[in-house]
Colleague: 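Please see the structure below; I have some questions.
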2 protein chains.
Amino acid sequence: MNIGEAANLSGVSAKMIRYYEEVALIRPPARNQNGYRSYAESNIHELKFIRRARDLGFTVEQISGLMHLWRDRSRASADVKRLALEHVAALEAKQREIQEMANALKHLVANCHGDGRPDCPIIENLADGGNHASPTHLGKGFEKLR
Amino acid sequence: MNIGEAANLSGVSAKMIRYYEEVALIRPPARNQNGYRSYAESNIHELKFIRRARDLGFTVEQISGLMHLWRDRSRASADVKRLALEHVAALEAKQREIQEMANALKHLVANCHGDGRPDCPIIENLADGGNHASPTHLGKGFEKLR
DNA sequence: GCTTGACCTTCCCATCATGGGAAGGTCCAT
DNA sequence: ATGGACCTTCCCATGATGGGAAGGTCAAGC
């Protein structure tokens, strides 16, 4: 089957299939006499594997490792688990990072009147880093937000 | 002051200062006779603003908007708040996305023995999308994890 | 005065996964 | 044979960041 059908069946775009071939995540498929790439069922299976791994946020390099383990019938599940746990840790680190941004911003938002006047703790915090020379109408309690 | 000192004082690397100038986030500074960029205190203030906004995950484009509002003494705090709330929503969306990946992977990890044997629900899920032809030692309860 | 090292300048390249699009070839149905 | 839907390769762009080369400048110490 041609690359378009492979893309449809696997959920991986034709562009990305060519890219994965280029970075050696998959082997170059056979070519028809017209030069078109020709995919078999097993290739679709492989592409679906890649798709699911991408959906879990694995990088191409990690997927390469996972595919080697997949093909290695003498693999130790401990190796797969280690890869997965490393990725879980990375995901959770990223999540915490974003969470901290969101929390900080939500504190500022909560103290912003959001009306027609210019006074705005969000802008003031960005400008002063929270060290306001002149306290605002927010009162003494504002200090605790830092 | 030269770009190096500006970088040290603001916490923005010299590379990034030049980049922000290139993408018109900041105005090109005055130049000394030797061609060196020359920064004033006000520029440092601006760079610190940018730095804090970046730390909150705002994109350069959003920061551009924030800086216009910062300079606009007739701004409405509602406009700032709207920008901030949009960003909070984007951050939370990203966070959920990552959370879902982490949760899915953690379910799989929890069911992987992680020993020397090849049997591994992580690999199997990637390969089959959870539709295992032959149930594993994990038992009937495994289905609930999907 | 000359050397040395720490600056500064511009320019190009790389990242990572993804897509857009051009220019040109192929295949099939009408 | 014509047109449209494919396919091919190649180049470019994204966003924020850094690396590094080639070359100019400055200040301190000899």
Side-chain angles (χ1 to χ4, degrees), chain A residues 1-26 28-40 43 46-67 87 90-91 93-94 97-98 101, chain B residues 1-26 28-40 43-44 47-67 87 90-91 93-94 97-98 101:
Chain A
M1 91 189 65
N2 289 343
I3 200 170
E5 197 182 348
N8 281 338
L9 291 180
S10 66
V12 177
S13 73
K15 276 279 193 194
M16 290 313 296
I17 295 176
R18 293 194 196 98
Y19 171 73
Y20 293 146
E21 178 186 333
E22 188 192 329
V23 299
L25 184 58
I26 56 182
R31 297 280 184 142
N32 293 330
Q33 283 205 314
N34 55 21
Y36 289 11
R37 288 172 179 79
S38 178
Y39 297 92
N43 298 127
E46 214 171 17
L47 287 169
K48 283 182 178 171
F49 182 103
I50 292 171
R51 176 64 149 77
R52 292 191 193 100
R54 288 289 306 136
D55 285 348
L56 287 173
F58 284 102
T59 65
V60 166
E61 196 179 354
Q62 289 171 319
I63 297 173
S64 178
L66 288 169
M67 288 177 74
H87 185 46
L91 287 173
K94 192 76 185 168
E97 190 188 324
I98 293 174
M101 292 180 187
Chain B
M1 90 189 68
N2 289 344
I3 200 172
E5 196 180 351
N8 282 338
L9 291 181
S10 66
V12 177
S13 74
K15 276 276 192 196
M16 290 312 297
I17 295 176
R18 293 195 198 96
Y19 172 73
Y20 292 145
E21 178 185 334
E22 188 192 329
V23 298
L25 184 58
I26 56 182
R31 297 279 185 143
N32 293 331
Q33 283 206 314
N34 56 21
Y36 289 12
R37 288 171 180 80
S38 180
Y39 296 92
N43 298 126
I44 305 305
L47 288 169
K48 283 182 178 173
F49 182 102
I50 293 170
R51 175 66 147 77
R52 292 191 193 100
R54 288 290 305 136
D55 285 349
L56 287 174
F58 284 102
T59 66
V60 165
E61 197 179 353
Q62 289 171 319
I63 297 174
S64 179
L66 289 169
M67 288 175 74
H87 185 47
L91 287 173
K94 194 74 184 171
E97 189 187 325
I98 292 173
M101 292 180 187

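Residue numbers begin at 1 in each chain, while the letters A, B, ... track the order of the sequences.
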Colleague: Expressed as a whole number of angstroms, how long is the span from A/Leu47:CG to C/dA17:C1'?
Modeller: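 After rounding, the gap between these two atoms is 16 Å.
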Colleague: Going by heavy atoms in the side chains, are A/Tyr20 and A/Val12 under 4.5 Å from each other?
Modeller: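 Yes - at least one pair of side-chain heavy atoms lies under 4.5 Å apart.
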Colleague: What is the separation between atom CE on B/Met1 and atom C1' on D/dC26, rounded to the nearest whole Å?
Modeller: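 So the CE-C1' distance, B/Met1 to D/dC26, works out to 18 Å.
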Colleague: Are the side chains of B/Arg18 and B/Arg37 in contact, using a 4.5 Å heavy-atom criterion?
Modeller: yes
Colleague: Please report the distance, rounded to the nearest Å, between CG in B/Asn32 and P in D/dG24.
Modeller: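 Taking atom P of D/dG24 as the reference, CG of B/Asn32 is at 19 Å.
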Colleague: What is the separation between atom CZ on B/Arg31 and atom C1' on D/dT25, rounded to the nearest whole Å?
Modeller: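 Atom CZ in B/Arg31 sits about 14 Å away from atom C1' in D/dT25.
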Colleague: What integer distance in Å separates A/Arg37:CZ from D/dC6:P?
Modeller: 17 Å
Colleague: To the nearest 0.5 angstrom, please state how far the CD1 atom of B/Ile17 sits from the CD1 atom of B/Ile26.
Modeller: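 Reported value, rounded in 0.5 Å steps: 6.5 Å.
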Colleague: Do the side chains of B/Met1 and B/Ile44 get nearer than 4.5 Å, heavy atoms only?
Modeller: yes
Colleague: To the nearest Å, give me how far apart CG (A/Asn8) and P (D/dA5) are.
Modeller: 15 Å
Colleague: Atom OH of B/Tyr36 to atom C1' of C/dT10: distance rounded to whole Å?
Modeller: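 Going from B/Tyr36 (OH) to C/dT10 (C1'), I get 13 Å.
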Colleague: Go nucleotide by nucleotide along DNA chain D from the 5' end; which of B/Asn34 and B/Arg54 gets its closest nucleotide reached first?
Modeller: B/Arg54
Colleague: Using modelled atom types only, decide if a donor and an acceptor are shared between the side chain of B/Asn34 and the backbone of B/Tyr36 within a distance under 3.5 Å.
Modeller: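 Judged by distance alone, yes, a pair lies under 3.5 Å.
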Colleague: Between B/Asn2 (CG) and D/dC26 (C1'), how many Å, whole number?
Modeller: 10 Å
Colleague: Let's see if you can work this out: which of C/dC27, C/dA17, D/dA16 has an atom nearest to the side-chain heavy atoms of B/Thr59?
Modeller: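 Within the option list, the nearest is D/dA16.
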Colleague: Roughly how far, to the nearest 0.5 Å, is the CZ atom of A/Phe58 from the NE2 atom of A/His87?
Modeller: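 That separation rounds to 5.0 Å.
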Colleague: Please work out which residues in residues 13-22 of chain B have a non-hydrogen atom less than 4.0 Å from an atom of DNA chain D and list them by number.
Modeller: B/Ser13, B/Lys15, B/Met16, B/Tyr19, B/Tyr20
